[in-house]
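Since we're looking at a predicted model, the values are computed, not measured. A, B, ... follow the sequence lines: proteins, then strands. Residue 1 opens every chain.
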6 protein chains.
Amino acid sequence: MANKLRLGIPKGSLQDATIALFERAGWHIYANGRSYFPSIDDTEIECMLIRAQEMARYVNHGVLDAGLTGIDWVVESGLAVESVTSLVYAKQSRQKVRWVLAVPEDSKFEKAEDLGGKIIATELVEVTKRYFAERNVPVQVEFSWGATEVKPPMLADAIVEVTETGSSLRANRLRIIDTVMESETHLIANRNAYNDAWKREKLECLALMLRGAIAAQGQVGLMLNVEKKNLQQILSVLPALNSPTISELSNSEWVAVNTILEESVVRDVVPRLKAANATGIVEYPLNKVVL
Amino acid sequence: MANKLRLGIPKGSLQDATIALFERAGWHIYANGRSYFPSIDDTEIECMLIRAQEMARYVNHGVLDAGLTGIDWVVESGLAVESVTSLVYAKQSRQKVRWVLAVPEDSKFEKAEDLGGKIIATELVEVTKRYFAERNVPVQVEFSWGATEVKPPMLADAIVEVTETGSSLRANRLRIIDTVMESETHLIANRNAYNDAWKREKLECLALMLRGAIAAQGQVGLMLNVEKKNLQQILSVLPALNSPTISELSNSEWVAVNTILEESVVRDVVPRLKAANATGIVEYPLNKVVL
Amino acid sequence: MANKLRLGIPKGSLQDATIALFERAGWHIYANGRSYFPSIDDTEIECMLIRAQEMARYVNHGVLDAGLTGIDWVVESGLAVESVTSLVYAKQSRQKVRWVLAVPEDSKFEKAEDLGGKIIATELVEVTKRYFAERNVPVQVEFSWGATEVKPPMLADAIVEVTETGSSLRANRLRIIDTVMESETHLIANRNAYNDAWKREKLECLALMLRGAIAAQGQVGLMLNVEKKNLQQILSVLPALNSPTISELSNSEWVAVNTILEESVVRDVVPRLKAANATGIVEYPLNKVVL
Amino acid sequence: MANKLRLGIPKGSLQDATIALFERAGWHIYANGRSYFPSIDDTEIECMLIRAQEMARYVNHGVLDAGLTGIDWVVESGLAVESVTSLVYAKQSRQKVRWVLAVPEDSKFEKAEDLGGKIIATELVEVTKRYFAERNVPVQVEFSWGATEVKPPMLADAIVEVTETGSSLRANRLRIIDTVMESETHLIANRNAYNDAWKREKLECLALMLRGAIAAQGQVGLMLNVEKKNLQQILSVLPALNSPTISELSNSEWVAVNTILEESVVRDVVPRLKAANATGIVEYPLNKVVL
Amino acid sequence: MANKLRLGIPKGSLQDATIALFERAGWHIYANGRSYFPSIDDTEIECMLIRAQEMARYVNHGVLDAGLTGIDWVVESGLAVESVTSLVYAKQSRQKVRWVLAVPEDSKFEKAEDLGGKIIATELVEVTKRYFAERNVPVQVEFSWGATEVKPPMLADAIVEVTETGSSLRANRLRIIDTVMESETHLIANRNAYNDAWKREKLECLALMLRGAIAAQGQVGLMLNVEKKNLQQILSVLPALNSPTISELSNSEWVAVNTILEESVVRDVVPRLKAANATGIVEYPLNKVVL
Amino acid sequence: MANKLRLGIPKGSLQDATIALFERAGWHIYANGRSYFPSIDDTEIECMLIRAQEMARYVNHGVLDAGLTGIDWVVESGLAVESVTSLVYAKQSRQKVRWVLAVPEDSKFEKAEDLGGKIIATELVEVTKRYFAERNVPVQVEFSWGATEVKPPMLADAIVEVTETGSSLRANRLRIIDTVMESETHLIANRNAYNDAWKREKLECLALMLRGAIAAQGQVGLMLNVEKKNLQQILSVLPALNSPTISELSNSEWVAVNTILEESVVRDVVPRLKAANATGIVEYPLNKVVL
């Protein structure tokens with residue numbers, strides 16, 4: 001289809017976060033409760049809601065040109081697709097997730113090799129089989145329809161399960177003994193689509209704006225005024241990452257400094273800026289950051 | 001474990017209906033939001049929440065003595081278990097559900113045999129494969145992670161999907177061309193557990209009370225007074241199913257009639273009872289009916 | 001249409017109460033959020049949601065065979081329809097509602113005649129005009145789109161407004177000076193439909209069951225045992241309205257008494273029954289009462 | 001005030017349960033969100049919402065004639081009032097509550113005497129002081145504004161706290177070492193009011209109906225038919241508590257049995273009744289039971 | 001009243017959007033659930049909630065000095081008022097709404113002239129009558145109390161109904177055949193009030209700030225740095241609408257560019273700015289824009 | 001504990017506002033529903049939820065290093081702690097609260113001295129006793145468990161109660177006759193902790209950022225461009241509080257002005273800026289302001 005990008009949006013736990021991300025990036029997706037074809041305010045894109053687990057299948061087949069899904073499910077599918085960009089965002093935090101091998105807290109298992117002959121429950125069957133095969137550990141991998149973390153020790157000996165913070169595993173008295181794979185969301189594309197010039201440019205534009213929206217989430221703008229004689233001290237306090245914008249004021253002995261900071265360091269930086277004689281320190285929110 | 005029945009309760013869409021059914025049958029199950037081991041007010045039972053799809057597996061292994069699940073998932077598993085009783089209840093209605101073969105409304109497919117070489121999406125992969133194999137129709141059956149009914153025609157050529165009323169299929173412009181299997185909830189048991197005298201009696205008691213609670217749902221009690229000379233006419237109006245209780249009154253020319261009726265026929269029966277000179281007609285609710 | 005009754009259900013404030021009433025009477029109406037044609041589990045009836053204010057219009061035209069609406073809106077419309085039965089139920093209580101003439105608490109108006117030349121705001125324009133015309137009081141009646149009770153004294157001099165308990169009027173510091181009309185819900189029918197034998201019987205059956213469901217709401221069943229020697233005293237305590245059913249017990253010196261009571265008198269009757277040596281006093285709920 | 005009973009309803013955690021209990025007993029209390037003077041459909045009663053902790057104070061002063069509150073707060077107040085009746089109902093269950101002395105799970109404290117010189121946090125300061133004084137154990141009792149169970153060991157050495165099931169204490173890793181007092185709700189009255197004939201009769205009537213409503217909560221009605229030759233066996237299965245009503249049927253070889261049972265035993269009794277050849281076994285709900 | 005502006009706020013579907021708009025413009029309106037006189041943090045304004053349909057009536061009478069309402073209801077009323085400013089905002093989008101003439105999808109009606117002798121249902125009776133009178137088409141216009149779009153073809157032949165996107169009409173299988181009038185919200189004023197100098201200045205100030213808040217909704221701020229040699233290329237990428245602010249930096253070979261953009265074009269502009277060597281591109285949110 | 005600050009967060013009505021304030025100041029507190037030890041994203045801080053009434057007790061004892069609570073409860077406790085900073089924020093507004101002496105609207109009490117021998121209900125018993133003792137007015141102060149404002153005249157003669165706007169007192173028909181004390185939230189510290197250099201610096205840093213977040217709440221940023229010849233007029237319109245930042249533009253006859261304003265004055269200032277020929281006036285939101 002000419003000048004039309006068919007894009008898969010992950011249905012389920014990532015759906016709301018994905019739609020919110022597109023909103024911040026500049027695209028409004030309207031997911032009508034029951035339809036699987038949400039509308040989008042861009043005549044060049046056609047959206048479809050697809051389970052993250054099935055995204056690679058339909059992108060590989062070419063039914064979709066591109067889609068957002070976890071790299072874990074791409075690897076699980078064993079199918080070939082292009083990764084346009086990684087996008088570190090998730091439901092709660094903005095960290096990568098991990099698929100971990102976990103055993104009962106009070107079991108004697110210490111490493112994968114201790115699990116020979118045991119039952120391993122997981123949603124990620126193929127990756128798990130490969131993990132044990134590479135270590136020459138014969139196990140029985142059972143597909144789990146959910147609630148995997150409550151299965152040991154009664155219904156399984158160990159599990160391979162996804163986790164952000166590990167708190168659900170701890171709450172179920174499980175102990176992590178290895179990381180099977182790390183994962184994060186990717187914008188993936190069908191290879192033919194990616195080789196089409198118009199589609200590739202559209203995808204790169206999408207990727208740029210999505211990354212710009214993600215970058216803005218944990219960052220803020222900071223403005224302050226400072227006498228020129230104190231400027232070097234101020235600059236030494238600011239993180240070196242991005243060079244701040246220094247502008248001339250009418251009062252020629254002063255300058256205004258405007259910069260972008262990680263929000264998490266502001267509470268440490270501001271007291272030191274004030275100690276270095278900055279005045280009029282103001283923090284303001286950002287929508288997008290493309291440095 | 002002596003004198004302890006390990007019982008699987010279906011987690012997910014049937015969970016609330018199952019707990020409500022046990023409540024009406026006389027057992028209070030307290031499903032604490034996060035635990036998979038709900039408590040129950042019967043020291044002889046130990047509950048565990050298990051996905052309906054996995055129930056047969058764990059009952060077959062003997063990790064559970066018994067469990068409630070759809071007979072569809074039992075057949076899909078291919079594992080041997082006992083059926084203690086069927087229990088026709090479901091989320092919305094009290095009908096059986098059907099797994100049907102459905103195709104796009106405007107496609108030319110009329111029967112299973114027309115689908116040779118096509119892609120069939122379903123959650124019930126093994127039953128579906130068997131269905132087509134018995135008809136010698138070679139198809140590609142793909143496991144669907146959900147939202148199966150929106151896949152044709154873009155992501156699949158046909159689907160095998162569960163339905164109560166067919167309305168979701170019609171809303172997605174699909175046409176049913178065959179019934180692959182009918183299903184209803186069963187109380188299933190591990191074969192060894194079922195051969196244990198104490199466990200079997202406990203299971204039969206459970207089955208009796210669960211059926212009693214189900215029976216009461218669509219039924220009501222009806223009381224009325226009638227002169228003896230009009231009794232035969234009254235009895236001819238009442239459905240013949242259950243014989244009503246006729247009791248003597250102090251006024252010996254009258255009797256009281258007390259009976260159990262399907263709630264759905266009351267609106268037709270009451271006007272005819274009144275026409276037949278019944279007086280003091282009163283309908284009252286029931287908790288359990290064991291005829 | 002042969003053997004099909006087209007029935008209007010009032011949309012809006014009475015809708016939920018009406019559907020609940022039909023449920024108790026034995027008909028299940030499924031109001032799908034957006035459709036104006038709710039389904040009903042009776043193949044002889046076809047429902048349509050219609051505003052109470054417009055019901056008489058469409059019943060009179062014959063587009064509907066029958067409908068439920070307040071007699072106030074029937075009179076307001078000035079159109080001819082049959083009343084099959086009145087049905088005293090309302091949103092909160094089971095009383096009639098009144099359209100009253102109300103003025104500011106601290107105004108000097110005492111009766112309709114004091115309002116000559118004034119502005120009267122109301123939703124019931126025609127009835128109000130007739131009310132003042134009959135008294136030869138010239139007023140300006142303005143149609144009010146809602147919130148009528150907050151209009152005096154700024155936006156109107158007096159209002160004609162509907163009330164169940166008067167509390168909303170008091171809260172707005174208004175004083176009632178006359179009742180313009182009383183109203184209650186009626187099942188109304190088109191005259192031709194009412195003269196059709198099949199439709200009339202269907203309507204009478206509906207009316208019987210709806211009244212039976214309404215009657216049951218404020219009533220309960222009461223059972224007790226009493227020695228025959230104390231029976232007369234027990235009967236003298238029971239309200240004379242319905243004669244209780246007295247049945248013979250195996251122990252021939254005792255009888256069982258079973259009766260229907262207004263729920264509101266039970267708290268006064270039970271202590272007196274107990275004082276009169278009744279034993280085993282049990283109150284139970286009712287679904288329908290057709291005496 | 002003649003012929004008017006001023007009644008305190010406990011505000012807060014018991015409020016909804018109390019209003020629901022009155023509803024079942026036959027009095028409708030309308031608690032308007034913001035008012036402390038809920039209306040009641042009995043012109044002889046005037047309600048006021050009062051905190052359970054302050055009820056004894058205002059009943060003792062005579063501002064209220066009577067009120068519902070826990071006997072714990074009555075004892076804590078040290079004031080003289082009459083108890084008209086105890087009423088075992090609570091938020092979740094229908095058990096008594098206990099104020100217990102609890103210490104950290106892993107502390108070495110085993111009995112009250114081990115706590116000499118320690119800090120005890122509690123909402124029930126006076127009762128707690130008396131408890132330790134009777135044992136000659138000098139402690140520092142600190143009033144706790146809430147969240148008492150999280151205070152040990154950081155903010156207190158031990159606590160005296162109310163509990164129904166002990167689960168909140170266990171969740172906070174506390175161990176119960178003694179019961180300081182048991183408590184349940186009472187209907188209490190001012191002594192002068194209780195000596196007024198009209199008020200006492202009104203209070204006794206209230207007490208009768210409230211107890212009748214509480215009794216009905218855990219009980220159900222059970223009806224069945226049985227051949228006379230099997231009657232003795234049936235009666236031997238029924239709990240001996242209440243004698244069932246046995247009535248004559250038209251078919252003189254059969255009788256109908258109607259009885260009241262604890263709901264919790266029905267699941268055990270019904271299978272045995274069926275084994276003893278009972279037919280038409282029907283369980284129905286009750287509103288009130290006054291035996 | 002001197003130095004006091006009586007202002008009508010539209011009650012109902014526009015109420016929340018209007019209060020939110022005033023919030024963004026700098027006035028906080030506190031709509032206490034039941035009162036029709038919301039408070040506002042401006043001692044020079046007095047608010048009253050009035051139905052949009054009645055706003056022109058009370059502004060014309062002079063009971064209110066001004067009010068916000070749709071120009072459709074102003075025209076329908078036929079009354080003379082001043083329009084201070086139009087304010088394009090609505091519940092969902094920021095587009096004008098249209099009152100359209102719609103007929104059943106599969107009817108043969110193509111234009112107004114085809115409807116001679118037919119029934120037209122609408123809430124906008126006077127405007128509709130005028131529309132058909134101007135075309136000399138005799139029709140019967142019936143006032144519709146709501147749910148107008150479900151009336152054809154059973155209860156009306158055509159309707160005149162308000163729509164933003166047409167989706168509700170399509171869902172009811174209706175086809176638009178003409179636009180009867182376009183409408184948007186206006187701030188209207190009583191003519192005498194508008195000729196009072198103080199009131200007019202207050203109204204103009206209100207209008208300025210409301211427009212500033214509306215303008216800010218779809219716009220964002222964009223900052224970037226660029227070498228002077230690339231400035232012209234950057235400026236050619238930016239929409240010509242508003243001239244950007246270009247400020248001198250300490251590094252004299254660079255400038256900072258700060259501009260206001262429609263949010264909807266940012267996703268197209270940013271990739272082109274980056275291609276033109278802009279650095280440090282940051283988008284930030286705005287509260288008000290007064291250019 | 002070295003390099004660890006134990007900080008009390010007020011549980012209850014101030015909890016959500018406090019957590020939101022820390023969020024804006026740069027610290028994320030995760031209050032897990034049931035735990036009293038919320039986590040915080042700062043390894044140097046350990047949080048505990050404590051009732052405001054008990055905060056001074058535990059800070060004084062040294063169990064906590066610091067905590068946020070109202071100065072009213074600090075005074076009530078009579079214990080010695082340091083005040084690090086006051087923080088004017090509250091549930092609804094950003095004003096101080098007042099504990100006032102209030103009497104029934106229609107009582108004859110005019111001043112504290114009129115209340116000799118009367119009952120005063122309050123939660124702030126010690127402060128209230130001191131207030132009357134200083135005036136030599138003997139009264140009976142009763143501890144009130146809540147709902148103090150409904151007690152007069154039935155349960156108390158007067159009350160001492162906290163209020164922000166007085167509306168709850170007026171709604172209960174009470175009249176304020178004196179202010180007993182004003183209060184606001186303080187960050188308080190244990191004296192030893194405050195004398196520890198590391199803890200004091202940590203506390204001062206917290207105080208700086210919390211005040212910065214509070215300051216930003218009612219303030220906004222305002223940018224505009226102006227020709228140099230009009231600059232003085234523009235500056236005369238801006239509040240004199242903070243000196244605006246004036247920066248040079250590429251067009252040397254214009255300057256850009258950037259300033260911080262109270263949000264509440266923007267609606268008055270902007271029309272005057274526009275009248276003074278400012279262009280491109282833009283208001284933007286702020287996160288923190290440290291001047």
Side-chain angles (χ1 to χ4, degrees), chain C residues 1 6 8-13 15 31-38 46-64 67 69 73 76-77 79 119 121 123 125-126 140 142-157 167-168 170-173, chain E residues 1 6 8-13 15 31-38 46-64 67 69 73 76-77 79 119 121 123 125-126 140 142-157 167-168 170-173:
Chain C
M1 200 185 306
R6 283 164 303 175
I9 303 295
K11 169 131 195 88
S13 65
Q15 179 176 332
N32 171 312
R34 297 149 309 140
S35 167
Y36 278 76
F37 296 94
E46 219 171 63
C47 289
M48 186 173 189
L49 289 171
I50 297 279
R51 293 285 296 251
Q53 293 94 330
E54 299 180 328
M55 193 68 77
R57 176 153 89 202
Y58 297 121
V59 169
N60 172 273
H61 290 8
V63 185
L64 299 173
T69 188
W73 294 113
E76 174 76 5
S77 77
L79 299 169
I119 294 176
E123 283 187 79
V125 169
E126 297 305 323
Q140 182 178 345
E142 283 190 354
F143 176 67
S144 171
W145 292 80
T148 312
E149 71 274 18
V150 303
K151 291 188 170 167
M154 201 163 141
L155 308 181
D157 298 296
S167 66
S168 172
R170 275 190 304 278
N172 284 288
R173 310 184 81 86
Chain E
M1 202 184 304
R6 284 165 302 175
I9 302 294
K11 169 132 196 87
S13 64
Q15 178 176 334
N32 172 311
R34 297 148 308 138
S35 166
Y36 279 77
F37 296 94
E46 220 172 63
C47 289
M48 185 173 190
L49 289 171
I50 297 278
R51 294 285 295 250
Q53 294 94 330
E54 299 179 329
M55 192 69 76
R57 176 162 61 199
Y58 298 121
V59 169
N60 172 273
H61 290 9
V63 185
L64 299 174
T69 186
W73 295 112
E76 174 75 5
S77 75
L79 298 169
I119 294 176
E123 283 185 80
V125 170
E126 298 306 322
Q140 182 177 345
E142 284 192 353
F143 177 66
S144 172
W145 292 80
T148 312
E149 70 275 18
V150 304
K151 291 189 170 166
M154 201 163 141
L155 307 181
D157 298 296
S167 65
S168 172
R170 276 191 302 277
N172 284 288
R173 310 184 81 86

Tell me, side chain or backbone of E:Phe143 under 4.5 Å from chain C's heavy atoms, or both, or neither?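 For E:Phe143, heavy atoms of backbone and side chain both lie under 4.5 Å from chain C.
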Does any backbone or side-chain atom of E:Leu49 lie under 4.5 Å from a heavy atom of chain C? Answer side chain, backbone, both or neither.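 When you check distances to chain C, no heavy atom of E:Leu49 falls under 4.5 Å.
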Non-hydrogen side-chain atoms of [X] and [Y] separated by less than 4.5 Å:
X: E:Met154; Y: C:Phe37; result: yes
X: C:Arg51; Y: E:Ser144; result: no
X: C:Leu155; Y: E:Glu54; result: no

Please determine which of C:Tyr58, C:Trp73, C:Trp145 meets the ring pair (Phe, Tyr, Trp, His ring centres under 6.0 Å) test together with E:Trp145.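 The ring pair (Phe, Tyr, Trp, His ring centres under 6.0 Å) with E:Trp145 is passed solely by C:Trp73 among C:Tyr58, C:Trp73, C:Trp145.
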Which one, C:Lys151, C:Arg57, C:His61, leads in non-hydrogen pairs under 4.5 Å with chain E?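 Maximum pair count with chain E is reached by C:Arg57.
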Residue, of E:Ala147, E:Gly146, E:Gly12, that accumulates the most heavy atom pairs under 4.5 Å with chain C: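 The option with the most such pairs is E:Ala147.
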